[in-house]
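Here is the naming used below: chain letters follow the sequence lines, and residue numbers restart at 1 for every chain.
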2 protein chains.
Amino acid sequence: MSRVAVVTLVDLPLTSGPRGAACCIGDSCASITRAAVTEAGARDLAAVLKALADPVRLRLVSMIAAHEGGEACVCDLTEPLGLSQPTVSHHLKVLLDAGFLTRTRRGTWAYYALVPGSLDAVAATLATV
Amino acid sequence: MSRVAVVTLVDLPLTSGPRGAACCIGDSCASITRAAVTEAGARDLAAVLKALADPVRLRLVSMIAAHEGGEACVCDLTEPLGLSQPTVSHHLKVLLDAGFLTRTRRGTWAYYALVPGSLDAVAATLATV
DNA sequence: CCTAGACATCGACGCCTGTCGATGTCTAGG
DNA sequence: CCTAGACATCGACAGGCGTCGATGTCTAGG
């Protein structure tokens, strides 16, 4: 864990690893078209998508981006979601580790902000298969 | 269940429902920027993303799209993935119900093909928050 | 130093999900 | 009709995940 997906998120649209190494072991695939995604690439993209595949976390990203100044503290997010403070902190940590949010402590409060272009990077990667 | 997400998938990028109805119940939100995503919209998008947030299913989509003719049967996909036939059929059903694949029976075999533009629709919706 | 408040972490509970073997269903071919 | 094969479905199991209350940690202010 511990926020290793941030690098992965940046590397994803750049198509780092070699592709098409695990498909068509038999002789049925003529490989006329393009190659398939790598097993490791699929695992990394799935990990990033899994962080977003939750209604609460999608609303969190949206609410933070729509909030004043593009940032919000936990106390601003607990009441609209109708969830407890530990639950909101848990979801924020998942988004933080996935590289979608940043955390800034100012005084007693912790302000979360959306990483610019992180959603677009995932969307671009998703469109390439 | 039973493939209701197909309509949702098409409706998602069209921004059908009303937005910004559930955010900022208190008085802390000045609503200077745009409104947040709806609770129902987040639930639908999360359901579609959850179907993609799996390494095996991402590889399935990629392998089917890269296969000859843009379609593949179950027997072509079992061996490269190293999974049992029921498991592969299970993942294909998840992608089918989410609206990413179509199934066509020809003789004994069932051919799965990628729905054109389905991935791009999700990517476009994801980029809009 | 002590209190109050915001947030993170922990432990526990119930639910969902990925996986498999076993079995059912359907088609092609004798 | 009967067999063989491809695929779907079922039941069961282990592991992961979302949620909460309780507790720990840190900062601001007396």
Side-chain angles (χ1 to χ4, degrees), chain A residues 1-3 5 26 28 39 42-43 45-61 63-64 67 71-98 101-113, chain B residues 1-3 5 26 28 39 42-43 45-61 63-64 67 71-98 101-113:
Chain A
M1 290 275 186
S2 76
R3 206 174 316 182
S28 62
E39 180 178 353
R43 180 165 35 85
L45 180 56
V48 176
L49 287 176
K50 196 165 293 185
L52 284 177
D54 185 272
V56 174
R57 291 196 283 268
L58 281 176
R59 293 187 65 194
L60 276 174
V61 168
M63 289 168 63
I64 290 174
H67 203 266
E71 61 180 7
C73 57
V74 183
C75 59
D76 293 330
L77 304 168
T78 302
E79 188 183 357
L81 289 174
L83 294 175
S84 68
Q85 174 264 321
T87 302
V88 175
S89 284
H90 162 68
H91 287 300
L92 288 173
K93 179 176 171 54
V94 173
L95 291 171
L96 188 76
D97 293 340
L101 296 181
T102 57
R103 173 164 52 189
T104 310
R105 296 215 57 157
R106 282 203 299 273
T108 314
W109 294 270
Y111 289 90
Y112 286 87
Chain B
M1 292 277 185
S2 76
R3 207 173 316 182
S28 63
E39 180 176 352
R43 181 165 35 83
L45 180 56
V48 176
L49 286 177
K50 199 164 292 186
L52 284 177
D54 186 274
V56 174
R57 290 197 283 268
L58 281 176
R59 294 188 64 195
L60 276 174
V61 168
M63 289 167 62
I64 290 174
H67 204 265
E71 62 181 7
C73 57
V74 183
C75 58
D76 293 330
L77 304 168
T78 302
E79 189 182 358
L81 289 175
L83 294 175
S84 67
Q85 174 263 321
T87 302
V88 175
S89 285
H90 162 68
H91 286 300
L92 288 172
K93 177 175 173 53
V94 172
L95 291 171
L96 189 75
D97 293 340
L101 296 181
T102 57
R103 173 164 52 189
T104 311
R105 296 215 56 158
R106 281 203 301 272
T108 313
W109 294 271
Y111 288 90
Y112 286 87

Output yes when a side-chain donor or acceptor of B:Arg57 lies under 3.5 Å from a complementary backbone atom of B:Ala51, and no otherwise. yes
Check the phosphate of C:dA8 against A:Arg103, side-chain N and O only, distance under 4.0 Å to OP1 or OP2. Yes or no? yes
Contact class for B:Tyr111 (heavy atom, under 4.0 Å): base, sugar-phosphate, or nothing? nothing
In Watson-Crick or G-U wobble terms, with both distances under 3.5 Å, the base opposite D:dT25 is C:dA6
Taking only the side-chain heavy atoms of B:Trp109 (C-beta and beyond), determine which of C:dT19, C:dC7, D:dC7 contains the nearest atom. D:dC7
So, does B:Thr87 get its side chain near the phosphate of C:dC20, meaning an N or O under 4.0 Å from OP1 or OP2? yes
Which nucleotide in D:dT9, D:dC20, C:dA8 has an atom nearest any side-chain atom of A:Ser89: C:dA8
Looking only at side-chain atoms of B:Thr108, point me to the closest of C:dA28, D:dC7, C:dA8. C:dA28
What is the pairing partner of D:dG30, taking Watson-Crick or G-U wobble pairs with both distances under 3.5 Å in any strand? C:dC1
Between B:Ser84 and C:dC20, is there a contact of a side-chain N or O with OP1 or OP2 at under 4.0 Å? yes
Which of these nucleotides, D:dT19, C:dC7, C:dT19, is closest to any side-chain atom of A:Val56? D:dT19
The residue, A:Lys50 or A:Leu83, whose nearest nucleotide of DNA chain D is more 5′ is A:Lys50
Nearest to the side chain of A:Val74, heavy atoms from C-beta on, is which of D:dC7, C:dA8, D:dC20? C:dA8
Does B:His90 reach a base, just sugar-phosphate, or nothing at all? Heavy atoms under 4.0 Å. base
Using a cut-off of 4.0 Å on non-hydrogen atoms, how would the nucleic acid contact of A:Arg57 be classed: base, sugar-phosphate, or nothing? sugar-phosphate
Quick one: B:Arg105 CZ to D:dG5 P, roughly how many Å, whole number? 16 Å
Nearest-nucleotide wise, let me know which of A:His91 and A:Arg106 is further upstream toward the 5' end of DNA chain D. A:His91
Determine: side-chain N/O of B:Tyr112 to OP1/OP2 of D:dA8, distance under 4.0 Å, yes or no. yes
Residue among B:Val56, B:Leu83, B:Val88 satisfying side chain to side chain contact (heavy atoms under 4.5 Å, CB included) with B:Leu77: B:Val88
Distance in angstrom units between B:Leu81 CG and C:dG18 P, rounded: 14 Å
Distance check needed: D:dT9 P versus B:Leu92 CG, whole Å only. 11 Å
For D:dG18, give its Watson-Crick or G-U wobble partner with both distances under 3.5 Å, or none. C:dC13
Sole residue of B:Arg103, B:Met63, B:Glu71 in side chain to side chain contact (heavy atoms under 4.5 Å, CB included) with B:Tyr112: B:Arg103
Is there a donor and acceptor pair closer than 3.5 Å between the side chain of A:Gln85 and the base of C:dA6? no
Nearest-Å distance for atom pair CG/P, residues B:Leu49 and C:dC16: 19 Å
In Watson-Crick or G-U wobble terms, with both distances under 3.5 Å, the base opposite D:dG11 is C:dC20
